[in-house]
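Below is one structure, written out as structure tokens, with a few remarks after it.
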Amino acid sequence: MPDIDQALAWSVERLNPGGWLMINDYFGPNRLQWRRDEVEHCNRVLDDIDRAHGTKLRRVRHSNILTRLRMRHRDPSEAPHSEKIADAIRRHLSAAVTPVGGLVMNILGGIVVPAFPDDHSAIAALVAADRAALAQGQWHFGFTLWQKP
């Protein structure tokens with residue numbers, strides 16, 4: 001359902017008393033259009049990985065009107081209102097979202113992971129950068145578990 005409020009209301013309505021609703025979702029920028037500060041942060045992580053491992057990985061670019069239109073055309077259902085999910089959860093469930101991370105992994109995983117073996121220290125650096133971003137309050141994925149009274 002493209003309407004977050006309608007989807008949550010529908011889910012709550014259909015739950016039996018004592019039933020559980022679990023939400024594990026992407027809460028980052030709408031349509032995966034990374035914010036400028038996120039792109040700059042991730043490119044600094046790539047700089048660190050390149051320096052440490054002698055690589056020259058491609059950089060993440062800022063979105064523009066063409067990338068936004070391309071994303072909307074390619075998949076109009078992809079995260080159209082992701083930034084509104086946390087507020088809708090608070091309104092409908094009076095529940096909090098637990099951030100689980102993913103800012104760095106979400107943006108850079110497709111660049112860094114294929115470039116190195118699974119057990120490579122660059123992968124560990126990527127995970128550490130994601131954890132550090134989460135500790136600073138920067139994240140893309142969250143989790144909520146709510147029980148209907």
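Along the sequence shown, the residues carry numbers beginning at 1.
In this structure, R14 places its CZ atom where more than 12 heavy-atom neighbours from other residues, nucleotides or ligands lie under 6.0 Å away. Shown here is R131, whose CZ atom has no more than 12 heavy atoms of other residues, nucleotides or ligands within 6.0 Å.
What you find for L108 and L126 is that their closest heavy atoms are CB-CD1, 3.7 Å. Across all their heavy atoms, L57 and A115 have their closest contact at CD2-CB, 3.7 Å. When all heavy atoms are compared, the tightest approach of L15 to W20 is CD2-O, 3.5 Å. Taking both residues in full, the closest heavy atoms of G142 and V100 are given as N-CG2, 3.9 Å, listed atom of the first, atom of the second, then distance. Contact detail for S82 and Y26: the closest heavy-atom pair is OG-CE2, 3.3 Å. Across all their heavy atoms, V12 and K148 have their closest contact at O-NZ, 2.8 Å.
The line from CD of Q6 to CD of E13 is 10.5 Å long, rounded to the nearest 0.5 Å. Atom CH2 of W139 is separated from atom CG of N106 by 12.5 Å, given to the nearest 0.5 angstrom. Between the OG atom of S11 and the CG atom of L21 there is a distance of 5.5 Å, given to the nearest 0.5 Å.
Remark: the backbone N or O of V60 is paired with a side-chain donor or acceptor of N43 at under 3.5 angstrom. Listed for the N24 side chain is no donor-acceptor partner under 3.5 Å among the backbone atoms of T144.
Two rings, from W34 and H41, have their centers 6.0 Å or more apart.
Comment: R44 does not engage D47 in a salt bridge, judged by the lack of any side-chain N to carboxylate O separation of less than 4.0 angstrom. A salt bridge links D48 with R51: the closest approach of a Lys/Arg side-chain nitrogen to an acidic carboxylate oxygen falls below 4.0 angstrom.
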Practice task
Please step through side-chain contact (heavy atoms from CB on, under 4.5 Å) for the pair L46 and T55, ending with a clear verdict.
Solution key: CA-CA 9 Å; L46 289 172; T55 53; over 6 Å; no

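Annotation: side chain of H140 is not in contact with side chain of M105 (no heavy-atom distance under 4.5 Å). In this structure the side chain of H53 reaches within 4.5 angstrom of the side chain of S121, judged on heavy atoms. You'll find the side chain of L103 stays beyond 4.5 Å of the side chain of L134, heavy atoms only. The closest side-chain heavy-atom distance from L93 to I23 is below 4.5 Å. The shortest side-chain heavy-atom distance between E38 and P29 falls under the 4.5 Å cut-off. Using a 4.5 Å heavy-atom cutoff, the side chains of W146 and L8 are not in contact.
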